[in-house]
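Here is how names work: the chains are called A, B, and so on, in the same order as the sequence lines, proteins then strands, and each is numbered from 1. Fair warning: this is a prediction, and the values are worked out from it, not measured in the lab.
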Amino acid sequence: MHAIEKILAKKAGVERVRAGEIVNCSIDFVEINDLYLQTIYSFWEMGGKKVYDKDKIAFVFDHYSPAPTIKTAQIHKEMRAFAKEQGLTHHFDINKGVCHQVMPEAGLIYPGMIIVATDSHTTTHGAFGAFGTGVGATDMASILIRGKLWFRVPEIIKIEINGIPSENVYAKDVILYILGRVKADGAVYKAIEFCGDYVENLGVSERMTICNMAVEMGAKTAYMVPNQAVIDYINARTDKDYEILETDADYIYDEHLVFNVDGLRPQLAAPHSVDNNISVQEGFGVKIDQAYIGSCTGGRVEDIEAAWKVLKDKKVHPDVRLVIIPASDEVQLSIIEKGYMRDLINAGATFNAPRCGPCLGTHAGLIADDEVCITSTNRNFPGRMGSNKASIYLASPMTVATSALYGYITEPK
Amino acid sequence: MKNIITGRAFVYGNNIDTDQIYPGRYLELVDPNEIKAHCLEGVDESFSKEVGFNDIVVAGTNFGCGSSREHAAIALISSDVGVVLADSFARIFFRNATNLALPLMICKGISKKVNAGDILEVHLKEGLIINKTTGEEVKGENISDFIFNILEQGGIKKLFK
């Protein structure tokens, strides 16, 4: 069996599972973000009274944090009241940050667990050797009541990444390049394991970026064998006993794709699809109105550090708005301590409090008709960050910062 | 849940994502009657005004990709869409729609075989689509008894109790 199958088998209480089979698994942790008040309504409608385990459920207010409208303030109010009434142990209010960042930071994510959240980017937690997947409000309500969810055991695609890319190329560039080849529907209903020497040498932040975008290929979940950097990160945050499950040598993958990233140069996803991959060189010269660094894909300390390297002692182009949103309070404190925040503000950046921000077009830096935004986030769908008539380019934080400096899409030097 | 659904086709392309089905700026809404006013607004601003009871959304591959927002399924259901036909569906959307009793049928190449405004007769259990406008019959994947049971019960909420 594959490590992913072993996780599902263990949580379903069976010896073996195989692809295509439906299994009913107990869930180790669930997270509900503030787009999903419907979860609570569905919980009541489905006869819920008490949640299955108050230690295993958390709300994270990140998509609408702090509340930009009266309606969203009401959403927070009702969710907060539910959390209190149910006595939930963990709660992440508007002062914390993006769910996929704050949960690992809080020591809630560890190898071999199943984490289900009302967010498609829950695949991020594959970076920690966990089985993470997203669901909607009704599925989530059923977990809140019973602590279980059915899964179809997925076929697994092995994506092996080898080689050493050019300087100034990050995991974001690599995953955009791979997305351009596997395409947005290349892994629908399947799982993806990322491996290869490139992956083995990545730190926690970049591993999270790659697993985060697995869902953009349609994947149900992502998986990486935890490396020492991951183990150190987890051990510093949790004293939970966990087990790293290993894939059997005779496991047969659905597909095995090998990518050599030797000499790869910085990449983009051009409008309006995540798999519309071109190099930054090919996109060179496109005039931009806004640049955004943030989100569960590209808002960590390493991401903001990359921007800082480009912009310290320089000025953002006068025609560009550079919006930076740290993914969490921990990230924000760290960039304050390191002096990045001060230097970036001096360079002309606008900072917002930790949250998802304009990534999903709710608030904190939306874009107007015919504007162009380059962003370290994960989706460039039409209308994703504001107007349907705007254009979005996805890139690494360093490419975003470099483009903000020059006023048009530019490869980092 | 009726096994045969007859309605007008609204035809779209590949990778119709959840932001096109239900733009993020309206996610604060929770009332289905308000939600339906923005259904498919990201790809077709006139959809919400033109759609009628049991009308049929037809699309290419990976319909519903992107976010896990259940609003996407709620928007289509509260617009009285009878069934969605597509080459393939994204996983979370498939679960959300089924949980809320919106029928989805996988039918390879359907978006190329149907024109906007064609009248379609869809037989869910049999996986059969009859284009009443052109007379063409197209075979899709039949909806399994397991899924049909969920649809027939009006979604999993009732089954859950």
Please report the interatomic distance [atom1]([X]) to [atom2]([Y]), rounded to the nearest 0.5 Å.
X        : Y        : atom1 : atom2 : result
B:Asn15  : A:Lys183 : CG    : NZ    : 9.0 Å
A:Thr122 : B:Ile92  : OG1   : CD1   : 7.0 Å
B:Asp87  : A:Asp185 : CG    : CG    : 9.0 Å
A:Asn33  : B:Arg69  : CG    : CZ    : 10.5 Å
A:Tyr36  : B:His71  : OH    : NE2   : 7.5 Å

Specify which of [options] makes the most heavy-atom pairs with chain B at under 4.5 Å.
options                      : answer
A:Ala137, A:Ser273, A:Pro68  : A:Ala137
A:Val215, A:Thr69, A:Val274  : A:Thr69
A:Phe381, A:Tyr41, A:Tyr64   : A:Phe381
A:Ser42, A:Gly383, A:Gly134  : A:Gly134
A:Thr362, A:Leu366, A:Leu149 : A:Leu149

Report, as yes or no, whether the 6.0 Å neighbourhood of atom NZ on B:Lys158 holds more than 12 heavy atoms from other residues, nucleotides or ligands.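 For B:Lys158, atom NZ is not crowded (no more than 12 foreign heavy atoms under 6.0 Å).
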Does NZ in A:Lys77 sit with more than 12 non-hydrogen atoms of other residues, nucleotides or ligands closer than 6.0 Å?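 Counting neighbours around NZ of A:Lys77, 12 or fewer heavy atoms of other residues, nucleotides or ligands fall under 6.0 Å, so no.
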Whether the side chain of [X] engages the backbone of [Y] through a donor-acceptor N/O pair (distance < 3.5 Å, no angle test) should be reported.
X       : Y        : value
B:Arg95 : A:Asp139 : no
B:Glu70 : A:Thr138 : yes
B:Asn62 : A:Ala184 : yes

Heavy-atom pair count under 4.5 Å with chain A, highest-scoring of [options]:
options                             : result
B:Ser68, B:Ala73, B:Gly155          : B:Ser68
B:Asn96, B:Asp19, B:Val30           : B:Asp19
B:Ile74, B:Thr18, B:Leu100, B:Asp17 : B:Asp17

Heavy atoms only: give me the nearest A:Gly386-B:Arg25 pair and the separation to one decimal.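 Heavy atoms of A:Gly386 and B:Arg25 come nearest at O-NH1, 3.3 Å.
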Can you give me the closest heavy-atom contact between A:Ser120 and B:Gly66, atom names plus distance?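 Here A:Ser120 and B:Gly66 meet closest at CB-O, 3.4 Å.
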Using heavy-atom distances under 4.5 Å, tell me whether [X] contacts chain A through its side chain, its backbone, both, or neither.
X        : answer
B:Phe89  : backbone
B:Leu159 : neither
B:Glu45  : side chain
B:Leu27  : both

Stepwise side-chain contact (heavy atoms from CB on, under 4.5 Å) check, B:Phe146 with A:Ile22: CA-CA 12 Å; B:Phe146 175 78; A:Ile22 305 281; over 6 Å; no
Taking atom types as modelled, find out whether A:Thr133 and B:Arg91 have a side-chain donor-acceptor pair closer than 3.5 angstrom.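 Side-chain D/A pair, A:Thr133 to B:Arg91: present.
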Side chains of A:Tyr189 and B:Ser88: do they bring a donor and an acceptor to under 3.5 Å?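 No, no side-chain donor-acceptor contact under 3.5 Å.
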Answer with side chain, backbone, both or neither: which region of [X] has an atom nearer than 4.5 Å to a non-hydrogen atom of chain B?
X        : result
A:Leu360 : both
A:Gln38  : side chain
A:Arg384 : both

Which is it for A:Lys71 and B:Glu34 under the side-chain contact (heavy atoms from CB on, under 4.5 Å) test, yes or no, and what are the steps along the way? CA-CA 13 Å; A:Lys71 280 196 171 102; B:Glu34 291 181 57; 3.9 Å; yes
Check: B:Phe160 and A:Arg146 side chains under 4.5 Å, non-hydrogen atoms: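 Yes, close enough: below the 4.5 Å cut-off.
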Passes side-chain contact (heavy atoms from CB on, under 4.5 Å), B:Ile156 versus A:Met46? Steps please. CA-CA 9 Å; B:Ile156 67 155; A:Met46 289 159 77; 4.3 Å; yes
